[in-house]
J.: 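Have a look at this one.
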There are 2 protein chains.
Amino acid sequence: MREQILAAATRLFAAQGFDGTSLAAIAQSVGIRKPSLLYHFKSKDELRREVLEHMLAHWNEALPRLLAAATSGQDQFSAIVGEMVTFFTADADRARLVVREVLDRPDEMRELLESRVRPWVELVCDYIRKGQAQGRLHAETDPEAYCVQVINLVVASVATHDCIGALFAGGTGRDPARRNTDEMLRVARDALFTR
Amino acid sequence: MREQILAAATRLFAAQGFDGTSLAAIAQSVGIRKPSLLYHFKSKDELRREVLEHMLAHWNEALPRLLAAATSGQDQFSAIVGEMVTFFTADADRARLVVREVLDRPDEMRELLESRVRPWVELVCDYIRKGQAQGRLHAETDPEAYCVQVINLVVASVATHDCIGALFAGGTGRDPARRNTDEMLRVARDALFTR
DNA sequence: CCTACCGATCGGTAGG
DNA sequence: CCTACCGATCGGTAGG
(Lines give C-alpha, C1' and ligand atoms only; values in the text may rest on other atoms or scores of the structure.)
Protein backbone atom coordinates (compact mmCIF):
# COMPACT_ATOMS: atom_id res chain seq x y z
CA MET A 1 0.00 0.00 0.00
CA ARG A 2 2.83 2.38 0.86
CA GLU A 3 4.20 1.93 -2.64
CA GLN A 4 0.78 2.43 -4.22
CA ILE A 5 0.54 5.76 -2.38
CA LEU A 6 4.04 6.73 -3.54
CA ALA A 7 3.17 5.88 -7.13
CA ALA A 8 -0.09 7.85 -7.03
CA ALA A 9 1.60 10.84 -5.37
CA THR A 10 4.38 10.80 -7.97
CA ARG A 11 1.89 10.78 -10.81
CA LEU A 12 -0.28 13.54 -9.34
CA PHE A 13 2.59 15.78 -8.17
CA ALA A 14 4.12 15.51 -11.66
CA ALA A 15 0.84 16.29 -13.41
CA GLN A 16 -0.62 18.97 -11.13
CA GLY A 17 2.21 20.10 -8.90
CA PHE A 18 2.63 19.77 -5.15
CA ASP A 19 0.34 22.69 -4.24
CA GLY A 20 -2.19 21.59 -6.83
CA THR A 21 -2.55 18.10 -5.36
CA SER A 22 -4.49 17.46 -2.15
CA LEU A 23 -3.84 14.55 0.18
CA ALA A 24 -7.49 13.56 -0.26
CA ALA A 25 -6.97 13.26 -4.04
CA ILE A 26 -3.96 11.01 -3.56
CA ALA A 27 -5.83 8.89 -1.02
CA GLN A 28 -8.86 8.59 -3.29
CA SER A 29 -6.76 7.43 -6.24
CA VAL A 30 -5.55 4.44 -4.18
CA GLY A 31 -8.97 3.77 -2.64
CA ILE A 32 -8.41 4.91 0.94
CA ARG A 33 -9.18 7.99 3.06
CA LYS A 34 -6.89 10.88 3.91
CA PRO A 35 -6.22 9.91 7.57
CA SER A 36 -5.19 6.43 6.42
CA LEU A 37 -2.67 8.00 4.07
CA LEU A 38 -1.26 10.03 6.97
CA TYR A 39 -0.65 6.79 8.85
CA HIS A 40 1.86 5.78 6.14
CA PHE A 41 3.37 9.28 5.69
CA LYS A 42 3.42 11.67 8.63
CA SER A 43 2.85 14.80 6.54
CA LYS A 44 2.37 16.00 2.99
CA ASP A 45 5.92 17.32 2.97
CA GLU A 46 7.32 13.98 4.06
CA LEU A 47 5.41 12.37 1.20
CA ARG A 48 7.00 14.86 -1.19
CA ARG A 49 10.49 14.07 0.12
CA GLU A 50 9.84 10.33 -0.22
CA VAL A 51 8.66 10.80 -3.79
CA LEU A 52 11.92 12.62 -4.54
CA GLU A 53 13.99 9.98 -2.77
CA HIS A 54 12.23 7.23 -4.69
CA MET A 55 13.19 8.91 -7.94
CA LEU A 56 16.77 9.42 -6.75
CA ALA A 57 16.96 5.72 -5.91
CA HIS A 58 16.17 4.93 -9.54
CA TRP A 59 18.77 7.51 -10.55
CA ASN A 60 21.34 5.69 -8.44
CA GLU A 61 20.39 2.45 -10.18
CA ALA A 62 20.99 4.08 -13.55
CA LEU A 63 24.33 5.64 -12.56
CA PRO A 64 26.47 2.47 -12.96
CA ARG A 65 25.27 2.13 -16.55
CA LEU A 66 25.96 5.83 -17.05
CA LEU A 67 29.51 5.57 -15.69
CA ALA A 68 30.17 2.39 -17.64
CA ALA A 69 29.04 4.20 -20.74
CA ALA A 70 31.39 7.09 -19.92
CA THR A 71 34.47 4.88 -19.70
CA SER A 72 33.75 2.29 -22.38
CA GLY A 73 35.71 1.96 -25.62
CA GLN A 74 34.02 4.20 -28.09
CA ASP A 75 30.86 6.10 -28.83
CA GLN A 76 30.75 7.00 -25.14
CA PHE A 77 28.77 10.05 -26.01
CA SER A 78 25.80 8.23 -27.53
CA ALA A 79 25.85 5.78 -24.64
CA ILE A 80 25.80 8.48 -21.96
CA VAL A 81 23.10 10.63 -23.53
CA GLY A 82 21.21 7.47 -24.48
CA GLU A 83 21.18 6.35 -20.84
CA MET A 84 19.93 9.77 -19.77
CA VAL A 85 17.19 9.70 -22.37
CA THR A 86 16.28 6.17 -21.30
CA PHE A 87 16.08 7.21 -17.66
CA PHE A 88 13.72 10.11 -18.28
CA THR A 89 11.63 8.66 -21.09
CA ALA A 90 11.11 5.45 -19.08
CA ASP A 91 9.03 7.64 -16.77
CA ALA A 92 8.28 11.15 -17.97
CA ASP A 93 7.10 12.02 -14.45
CA ARG A 94 10.76 12.07 -13.43
CA ALA A 95 11.48 14.96 -15.77
CA ARG A 96 8.34 16.83 -14.77
CA LEU A 97 9.13 16.42 -11.07
CA VAL A 98 12.68 17.69 -11.52
CA VAL A 99 11.49 20.76 -13.41
CA ARG A 100 8.77 21.49 -10.86
CA GLU A 101 11.15 21.16 -7.92
CA VAL A 102 13.73 23.38 -9.61
CA LEU A 103 11.06 26.05 -10.00
CA ASP A 104 9.35 25.60 -6.62
CA ARG A 105 12.33 24.92 -4.34
CA PRO A 106 15.50 26.06 -6.09
CA ASP A 107 17.60 26.13 -2.90
CA GLU A 108 16.72 22.56 -1.94
CA MET A 109 17.26 21.45 -5.53
CA ARG A 110 20.68 23.12 -5.72
CA GLU A 111 21.89 20.94 -2.86
CA LEU A 112 20.44 17.83 -4.46
CA LEU A 113 22.08 18.62 -7.80
CA GLU A 114 25.41 19.32 -6.13
CA SER A 115 25.45 16.02 -4.27
CA ARG A 116 23.75 13.67 -6.75
CA VAL A 117 24.51 15.02 -10.20
CA ARG A 118 27.61 17.19 -10.06
CA PRO A 119 30.08 14.34 -9.34
CA TRP A 120 28.90 12.59 -12.45
CA VAL A 121 29.09 15.83 -14.45
CA GLU A 122 32.72 16.27 -13.37
CA LEU A 123 33.51 12.78 -14.58
CA VAL A 124 32.02 13.52 -17.98
CA CYS A 125 33.93 16.83 -18.02
CA ASP A 126 37.21 14.97 -17.50
CA TYR A 127 36.32 12.78 -20.46
CA ILE A 128 35.55 15.86 -22.54
CA ARG A 129 38.85 17.54 -21.64
CA LYS A 130 40.80 14.44 -22.64
CA GLY A 131 38.94 14.34 -25.94
CA GLN A 132 39.77 18.00 -26.46
CA ALA A 133 43.46 17.36 -25.79
CA GLN A 134 43.33 14.60 -28.42
CA GLY A 135 41.58 16.86 -30.92
CA ARG A 136 38.56 14.56 -31.10
CA LEU A 137 36.31 17.14 -29.44
CA HIS A 138 35.86 20.84 -30.11
CA ALA A 139 38.43 22.91 -28.25
CA GLU A 140 35.98 25.78 -27.72
CA THR A 141 33.52 23.60 -25.81
CA ASP A 142 33.04 24.69 -22.17
CA PRO A 143 32.74 21.21 -20.58
CA GLU A 144 30.64 22.12 -17.53
CA ALA A 145 28.39 24.44 -19.49
CA TYR A 146 28.04 21.83 -22.23
CA CYS A 147 26.87 19.24 -19.70
CA VAL A 148 24.32 21.71 -18.37
CA GLN A 149 23.00 22.23 -21.91
CA VAL A 150 22.61 18.51 -22.53
CA ILE A 151 20.86 17.95 -19.20
CA ASN A 152 18.59 20.92 -19.90
CA LEU A 153 17.83 19.54 -23.33
CA VAL A 154 16.99 16.01 -22.22
CA VAL A 155 14.92 17.00 -19.20
CA ALA A 156 13.08 19.81 -20.98
CA SER A 157 12.35 17.67 -24.04
CA VAL A 158 10.71 14.97 -21.94
CA ALA A 159 8.93 17.36 -19.56
CA THR A 160 7.41 19.41 -22.40
CA HIS A 161 6.72 16.31 -24.48
CA ASP A 162 2.95 16.91 -24.57
CA CYS A 163 3.35 20.40 -26.00
CA ILE A 164 6.16 20.24 -28.55
CA GLY A 165 3.96 18.59 -31.18
CA ALA A 166 2.18 21.95 -31.38
CA LEU A 167 5.23 23.45 -33.09
CA PHE A 168 5.37 20.81 -35.83
CA ALA A 169 3.47 21.06 -39.11
CA GLY A 170 0.40 18.88 -39.80
CA GLY A 171 0.39 15.26 -38.69
CA THR A 172 1.57 13.76 -41.97
CA GLY A 173 5.15 13.20 -40.85
CA ARG A 174 6.89 10.90 -38.42
CA ASP A 175 6.19 10.76 -34.71
CA PRO A 176 7.10 14.26 -33.39
CA ALA A 177 8.48 12.82 -30.15
CA ARG A 178 10.80 10.52 -32.08
CA ARG A 179 11.91 13.32 -34.41
CA ASN A 180 12.56 15.46 -31.38
CA THR A 181 14.68 12.85 -29.63
CA ASP A 182 16.69 12.14 -32.77
CA GLU A 183 17.36 15.82 -33.38
CA MET A 184 18.32 16.31 -29.74
CA LEU A 185 20.96 13.60 -30.03
CA ARG A 186 22.24 15.11 -33.26
CA VAL A 187 22.45 18.64 -31.81
CA ALA A 188 24.32 17.41 -28.75
CA ARG A 189 26.70 15.33 -30.88
CA ASP A 190 27.50 17.95 -33.52
CA ALA A 191 28.22 20.51 -30.79
CA LEU A 192 30.80 18.19 -29.23
CA PHE A 193 32.66 16.26 -31.92
CA THR A 194 35.09 17.66 -34.45
CA ARG A 195 34.58 16.53 -38.02
CA MET B 1 -2.97 50.10 -9.78
CA ARG B 2 -4.16 47.49 -12.26
CA GLU B 3 -0.64 47.27 -13.64
CA GLN B 4 0.87 47.02 -10.17
CA ILE B 5 -1.39 44.03 -9.51
CA LEU B 6 -0.41 42.45 -12.83
CA ALA B 7 3.28 42.93 -12.05
CA ALA B 8 2.94 41.44 -8.58
CA ALA B 9 0.88 38.51 -9.84
CA THR B 10 3.42 37.82 -12.59
CA ARG B 11 6.26 37.78 -10.11
CA LEU B 12 4.46 35.56 -7.59
CA PHE B 13 2.98 33.14 -10.14
CA ALA B 14 6.44 32.73 -11.66
CA ALA B 15 8.12 32.17 -8.29
CA GLN B 16 5.51 30.03 -6.49
CA GLY B 17 3.14 28.86 -9.18
CA PHE B 18 -0.55 29.63 -9.68
CA ASP B 19 -1.82 27.20 -7.02
CA GLY B 20 0.94 28.26 -4.63
CA THR B 21 -0.06 31.93 -4.76
CA SER B 22 -3.15 33.26 -2.96
CA LEU B 23 -5.07 36.33 -4.00
CA ALA B 24 -4.45 37.72 -0.52
CA ALA B 25 -0.68 37.45 -1.03
CA ILE B 26 -0.88 39.32 -4.33
CA ALA B 27 -3.10 41.99 -2.78
CA GLN B 28 -0.77 42.38 0.19
CA SER B 29 2.27 42.87 -2.03
CA VAL B 30 0.63 45.91 -3.63
CA GLY B 31 -0.78 47.23 -0.34
CA ILE B 32 -4.48 46.51 -0.77
CA ARG B 33 -6.98 43.86 0.38
CA LYS B 34 -8.23 40.84 -1.49
CA PRO B 35 -11.74 42.19 -2.32
CA SER B 36 -10.15 45.32 -3.80
CA LEU B 37 -8.06 43.13 -6.08
CA LEU B 38 -11.22 41.33 -7.20
CA TYR B 39 -12.64 44.68 -8.26
CA HIS B 40 -9.85 44.97 -10.86
CA PHE B 41 -9.88 41.29 -11.89
CA LYS B 42 -13.13 39.32 -11.65
CA SER B 43 -11.48 36.05 -10.65
CA LYS B 44 -8.11 34.46 -9.99
CA ASP B 45 -8.29 32.67 -13.33
CA GLU B 46 -8.95 35.93 -15.17
CA LEU B 47 -5.88 37.37 -13.47
CA ARG B 48 -3.86 34.39 -14.68
CA ARG B 49 -5.08 34.87 -18.27
CA GLU B 50 -4.24 38.58 -18.12
CA VAL B 51 -0.75 37.80 -16.86
CA LEU B 52 -0.26 35.48 -19.84
CA GLU B 53 -1.70 38.04 -22.27
CA HIS B 54 0.60 40.71 -20.86
CA MET B 55 3.59 38.48 -21.56
CA LEU B 56 2.31 37.66 -25.06
CA ALA B 57 1.97 41.39 -25.75
CA HIS B 58 5.68 41.76 -25.03
CA TRP B 59 6.32 38.76 -27.26
CA ASN B 60 4.46 40.49 -30.08
CA GLU B 61 6.63 43.56 -29.55
CA ALA B 62 9.73 41.42 -29.89
CA LEU B 63 8.52 39.58 -33.00
CA PRO B 64 9.32 42.34 -35.55
CA ARG B 65 12.93 42.35 -34.36
CA LEU B 66 12.91 38.56 -34.54
CA LEU B 67 11.57 38.54 -38.10
CA ALA B 68 13.94 41.31 -39.19
CA ALA B 69 16.78 39.26 -37.77
CA ALA B 70 15.56 36.23 -39.73
CA THR B 71 15.64 38.04 -43.07
CA SER B 72 18.63 40.33 -42.66
CA GLY B 73 21.86 39.97 -44.64
CA GLN B 74 24.03 37.66 -42.63
CA ASP B 75 24.53 36.08 -39.25
CA GLN B 76 20.75 35.69 -39.06
CA PHE B 77 21.22 32.84 -36.69
CA SER B 78 22.99 34.81 -33.96
CA ALA B 79 20.47 37.60 -34.37
CA ILE B 80 17.44 35.32 -33.98
CA VAL B 81 18.72 33.38 -31.03
CA GLY B 82 20.10 36.59 -29.55
CA GLU B 83 16.65 38.19 -29.71
CA MET B 84 15.13 35.14 -28.02
CA VAL B 85 17.75 35.22 -25.28
CA THR B 86 17.19 38.95 -24.88
CA PHE B 87 13.43 38.46 -24.58
CA PHE B 88 13.67 35.84 -21.85
CA THR B 89 16.67 37.17 -19.94
CA ALA B 90 15.12 40.65 -19.87
CA ASP B 91 12.54 39.11 -17.54
CA ALA B 92 13.27 35.60 -16.31
CA ASP B 93 9.68 35.37 -15.05
CA ARG B 94 8.62 34.97 -18.68
CA ALA B 95 10.54 31.72 -18.99
CA ARG B 96 9.32 30.43 -15.64
CA LEU B 97 5.70 31.24 -16.49
CA VAL B 98 5.95 29.46 -19.83
CA VAL B 99 7.41 26.35 -18.24
CA ARG B 100 4.80 26.32 -15.47
CA GLU B 101 1.93 26.74 -17.89
CA VAL B 102 3.27 23.99 -20.13
CA LEU B 103 3.32 21.67 -17.12
CA ASP B 104 0.05 22.81 -15.52
CA ARG B 105 -2.15 23.39 -18.58
CA PRO B 106 -0.60 21.59 -21.56
CA ASP B 107 -3.78 21.68 -23.68
CA GLU B 108 -4.24 25.43 -23.29
CA MET B 109 -0.53 25.95 -23.93
CA ARG B 110 -0.61 23.83 -27.08
CA GLU B 111 -3.15 26.19 -28.62
CA LEU B 112 -1.12 29.22 -27.58
CA LEU B 113 2.07 27.77 -29.06
CA GLU B 114 0.29 26.87 -32.29
CA SER B 115 -1.12 30.35 -32.80
CA ARG B 116 1.67 32.56 -31.41
CA VAL B 117 4.91 30.66 -31.93
CA ARG B 118 4.44 28.13 -34.72
CA PRO B 119 4.09 30.70 -37.56
CA TRP B 120 7.42 32.14 -36.57
CA VAL B 121 8.96 28.67 -36.32
CA GLU B 122 7.79 27.90 -39.85
CA LEU B 123 9.46 31.07 -41.10
CA VAL B 124 12.74 30.06 -39.49
CA CYS B 125 12.31 26.57 -40.94
CA ASP B 126 12.03 28.04 -44.45
CA TYR B 127 15.27 29.89 -43.84
CA ILE B 128 16.91 26.68 -42.65
CA ARG B 129 15.73 24.72 -45.70
CA LYS B 130 17.14 27.37 -48.03
CA GLY B 131 20.43 27.26 -46.18
CA GLN B 132 20.45 23.49 -46.50
CA ALA B 133 19.83 23.72 -50.27
CA GLN B 134 22.81 26.09 -50.49
CA GLY B 135 24.99 23.78 -48.44
CA ARG B 136 25.52 26.40 -45.75
CA LEU B 137 23.55 24.40 -43.18
CA HIS B 138 23.72 20.75 -42.22
CA ALA B 139 21.57 18.62 -44.51
CA GLU B 140 20.69 16.22 -41.70
CA THR B 141 19.11 18.93 -39.56
CA ASP B 142 15.37 18.41 -38.98
CA PRO B 143 14.26 22.06 -39.17
CA GLU B 144 11.14 21.88 -36.99
CA ALA B 145 12.79 19.64 -34.42
CA TYR B 146 15.86 21.86 -34.41
CA CYS B 147 13.72 24.92 -33.61
CA VAL B 148 12.10 23.01 -30.76
CA GLN B 149 15.54 22.20 -29.36
CA VAL B 150 16.66 25.82 -29.48
CA ILE B 151 13.46 27.05 -27.85
CA ASN B 152 13.78 24.35 -25.20
CA LEU B 153 17.37 25.34 -24.60
CA VAL B 154 16.75 29.08 -24.26
CA VAL B 155 13.64 28.79 -22.09
CA ALA B 156 15.03 26.03 -19.88
CA SER B 157 18.36 27.82 -19.41
CA VAL B 158 16.67 30.98 -18.18
CA ALA B 159 14.01 29.20 -16.12
CA THR B 160 16.56 27.01 -14.30
CA HIS B 161 19.04 29.86 -14.01
CA ASP B 162 19.08 29.78 -10.20
CA CYS B 163 20.04 26.11 -10.11
CA ILE B 164 22.55 25.54 -12.90
CA GLY B 165 25.39 27.09 -10.91
CA ALA B 166 25.16 24.00 -8.69
CA LEU B 167 26.64 21.90 -11.50
CA PHE B 168 29.72 24.11 -11.97
CA ALA B 169 32.94 23.66 -10.01
CA GLY B 170 33.98 26.15 -7.29
CA GLY B 171 33.41 29.84 -7.78
CA THR B 172 36.84 30.69 -9.15
CA GLY B 173 35.75 30.93 -12.78
CA ARG B 174 33.62 33.27 -14.82
CA ASP B 175 29.97 34.00 -14.15
CA PRO B 176 28.17 30.64 -14.59
CA ALA B 177 25.14 32.29 -16.17
CA ARG B 178 27.34 33.97 -18.79
CA ARG B 179 29.26 30.76 -19.47
CA ASN B 180 25.94 28.98 -19.85
CA THR B 181 24.53 31.50 -22.33
CA ASP B 182 27.72 31.50 -24.41
CA GLU B 183 27.81 27.71 -24.55
CA MET B 184 24.14 27.60 -25.44
CA LEU B 185 24.76 29.86 -28.45
CA ARG B 186 27.74 27.76 -29.47
CA VAL B 187 25.84 24.47 -29.21
CA ALA B 188 22.95 25.83 -31.27
CA ARG B 189 25.31 27.28 -33.89
CA ASP B 190 27.56 24.23 -34.31
CA ALA B 191 24.52 22.00 -34.69
CA LEU B 192 23.25 24.13 -37.59
CA PHE B 193 26.17 25.41 -39.68
CA THR B 194 28.47 23.38 -41.87
CA ARG B 195 32.16 24.11 -41.50
C1' DC C 1 -11.12 50.93 -1.92
C1' DC C 2 -12.89 48.77 2.74
C1' DT C 3 -15.11 45.36 6.58
C1' DA C 4 -17.61 41.45 7.24
C1' DC C 5 -18.82 37.25 5.87
C1' DC C 6 -19.87 32.91 2.92
C1' DG C 7 -19.23 27.76 1.91
C1' DA C 8 -15.61 24.77 0.54
C1' DT C 9 -11.44 22.72 1.11
C1' DC C 10 -6.97 22.44 3.02
C1' DG C 11 -3.41 19.63 6.10
C1' DG C 12 -3.58 17.35 10.16
C1' DT C 13 -5.36 15.09 14.80
C1' DA C 14 -8.26 12.28 18.20
C1' DG C 15 -9.81 8.15 19.10
C1' DG C 16 -10.98 3.76 18.07
C1' DC D 1 -7.80 1.31 8.12
C1' DC D 2 -12.11 4.30 9.54
C1' DT D 3 -15.43 8.47 11.26
C1' DA D 4 -15.53 12.72 13.21
C1' DC D 5 -13.59 16.81 13.87
C1' DC D 6 -10.07 20.84 14.32
C1' DG D 7 -8.39 25.67 13.03
C1' DA D 8 -6.67 27.94 9.03
C1' DT D 9 -7.01 29.46 4.62
C1' DC D 10 -8.92 29.39 0.13
C1' DG D 11 -11.62 32.11 -3.80
C1' DG D 12 -15.35 34.89 -3.95
C1' DT D 13 -19.63 37.99 -2.52
C1' DA D 14 -22.59 41.58 -0.06
C1' DG D 15 -22.90 45.95 0.91
C1' DG D 16 -21.30 50.26 1.51
Side-chain angles (χ1 to χ4, degrees), chain A residues 1-55 93 96-97 99-109 112, chain B residues 1-55 93 96-97 99-109 112:
Chain A
M1 173 52 71
R2 202 167 184 281
E3 275 144 37
Q4 294 177 52
I5 295 172
L6 263 181
T10 300
R11 180 170 41 85
L12 291 170
F13 287 163
Q16 311 170 354
F18 181 74
D19 290 318
T21 304
S22 68
L23 291 177
I26 299 168
Q28 190 187 21
S29 88
V30 296
I32 61 175
R33 307 277 185 182
K34 183 176 57 170
S36 312
L37 189 157
L38 285 164
Y39 164 78
H40 294 284
F41 300 90
K42 284 180 211 162
S43 70
K44 192 184 182 187
D45 201 66
E46 180 181 302
L47 180 54
R48 178 184 66 81
R49 287 193 298 269
E50 297 271 12
V51 164
L52 269 183
E53 273 306 315
H54 190 256
M55 187 190 69
D93 287 343
R96 289 188 257 264
L97 279 175
V99 174
R100 285 192 184 278
E101 288 297 310
V102 163
L103 289 173
D104 289 346
R105 278 163 283 273
D107 292 342
E108 187 177 325
M109 216 51 188
L112 227 55
Chain B
M1 171 53 70
R2 203 167 183 279
E3 276 145 38
Q4 293 178 50
I5 295 172
L6 262 181
T10 300
R11 180 170 42 84
L12 290 169
F13 287 163
Q16 310 169 355
F18 181 74
D19 290 318
T21 304
S22 68
L23 291 178
I26 299 168
Q28 189 187 22
S29 88
V30 295
I32 62 174
R33 306 279 183 180
K34 183 176 55 169
S36 311
L37 189 156
L38 285 163
Y39 164 76
H40 294 284
F41 299 90
K42 284 180 209 163
S43 69
K44 191 184 183 186
D45 200 65
E46 180 181 302
L47 181 53
R48 177 184 67 79
R49 287 193 300 269
E50 295 271 10
V51 164
L52 269 184
E53 272 306 315
H54 190 255
M55 187 190 68
D93 287 342
R96 288 188 257 263
L97 279 175
V99 174
R100 285 192 185 279
E101 288 296 311
V102 164
L103 289 173
D104 289 345
R105 278 164 283 273
D107 292 342
E108 186 176 327
M109 216 52 188
L112 227 55

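Note that these values count all heavy atoms, side chains included, but never hydrogens, waters or copies made by symmetry. Just so it is clear: chains get the letters A, B, ... in the order the sequence lines come, proteins before strands, and each one is counted from 1. The shown structure was predicted, so the numbers you read here are calculated from the model rather than taken from an experiment.
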J.: Rounded to the nearest 0.5 Å, how far does CG of A:L47 lie from NE2 of A:H54?
T.: 12.0 Å
J.: Between P on C:dC1 and CZ on B:R2, what's the gap in Å once rounded to a whole number?
T.: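 Answer to the nearest Å: 12 Å.
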J.: If I take atom CG in residue B:L38 and atom C1' in nucleotide C:dC6, what distance separates them, rounded to the nearest angstrom?
T.: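 Interatomic distance, CG of B:L38 to C1' of C:dC6: 14 Å.
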J.: Counting C-beta onward and ignoring hydrogens, is there a side-chain heavy-atom pair between A:R100 and B:D104 closer than 4.5 Å?
T.: yes
J.: Select base, sugar-phosphate, or nothing to describe what A:L23 touches, counting heavy atoms under 4.0 Å on all strands.
T.: sugar-phosphate
J.: Taking OP1 and OP2 of D:dC2, is either one under 4.0 Å from a side-chain nitrogen or oxygen of A:S36?
T.: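 Yes.
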J.: Give the rounded distance in Å between these two atoms: CZ of A:F41 and P of C:dT13.
T.: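 One finds 16 Å between P of C:dT13 and CZ of A:F41, rounded.
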J.: Round to the nearest Å and state the distance from B:Y39 atom OH to D:dG15 atom P.
T.: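 From B:Y39 OH to D:dG15 P: 19 Å.
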J.: Tell me whether the side-chain N or O atoms of A:K44 pair up with the base of C:dG12 as donor and acceptor below 3.5 Å, since no angle test is needed here.
T.: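 A donor-acceptor contact between them is absent.
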J.: Looking at every strand, decide which applies to A:I32 at a 4.0 Å heavy-atom threshold: base, sugar-phosphate, or nothing.
T.: sugar-phosphate
J.: Can a donor-acceptor pair under 3.5 Å be found between the side-chain atoms of B:K34 and the base atoms of D:dG12?
T.: yes
J.: Check the pair A:L52, A:R49 against side-chain contact (heavy atoms from CB on, under 4.5 Å), reporting the backbone distance first and the verdict last.
T.: CA-CA 5 Å; A:L52 269 183; A:R49 287 193 298 269; 5.6 Å; no
J.: Counting heavy atoms not belonging to B:E46, are there more than 12 under 6.0 Å from its CD?
T.: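 Counting other residues, nucleotides and ligands, CD of B:E46 exceeds 12 neighbours.
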J.: How close or far is atom P of D:dT3 from atom CZ of A:R33, stated in whole angstroms?
T.: 5 Å
J.: D:dC1 C1' sits how many Å from A:M1 CE, rounded?
T.: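 It is 9 Å, rounded to the nearest whole Å.
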J.: Round to a whole Å and report the spacing from NE2 of B:H40 to P of C:dC2.
T.: 9 Å
J.: Between side-chain atoms of residues 13-26 of chain B and protein atoms elsewhere (two or more places apart, or another chain), which donor-acceptor pairs fall under 3.5 Å?
T.:
residue	atom	partner	partner atom	Å
B:T21	OG1	B:L12	O	3.2
B:T21	OG1	B:G17	O	2.8
B:S22	OG	B:A25	N	3.1

J.: Which nucleotide in the list C:dT13, D:dG12, C:dA4 gets nearest to the side chain of A:P35?
T.: C:dT13
J.: So, is B:S22 near the phosphate of D:dC10, with a side-chain N or O under 4.0 Å from OP1 or OP2?
T.: yes
J.: According to the Watson-Crick and G-U wobble definitions, with both distances under 3.5 Å, which nucleotide is paired to D:dG11?
T.: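 By the stated definition (distances under 3.5 Å), C:dC6 pairs with D:dG11.
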J.: Could you tell me which nucleotide pairs with C:dC1 by Watson-Crick or G-U wobble geometry, both distances under 3.5 Å, or answer none if nothing does?
T.: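 Checking every strand shown, C:dC1 finds its partner in D:dG16, with both distances under 3.5 Å.
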J.: Could you give the CZ-to-P distance, from B:F18 to D:dG11, as a whole number of Å?
T.: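 So the two atoms are 8 Å apart, to the nearest Å.
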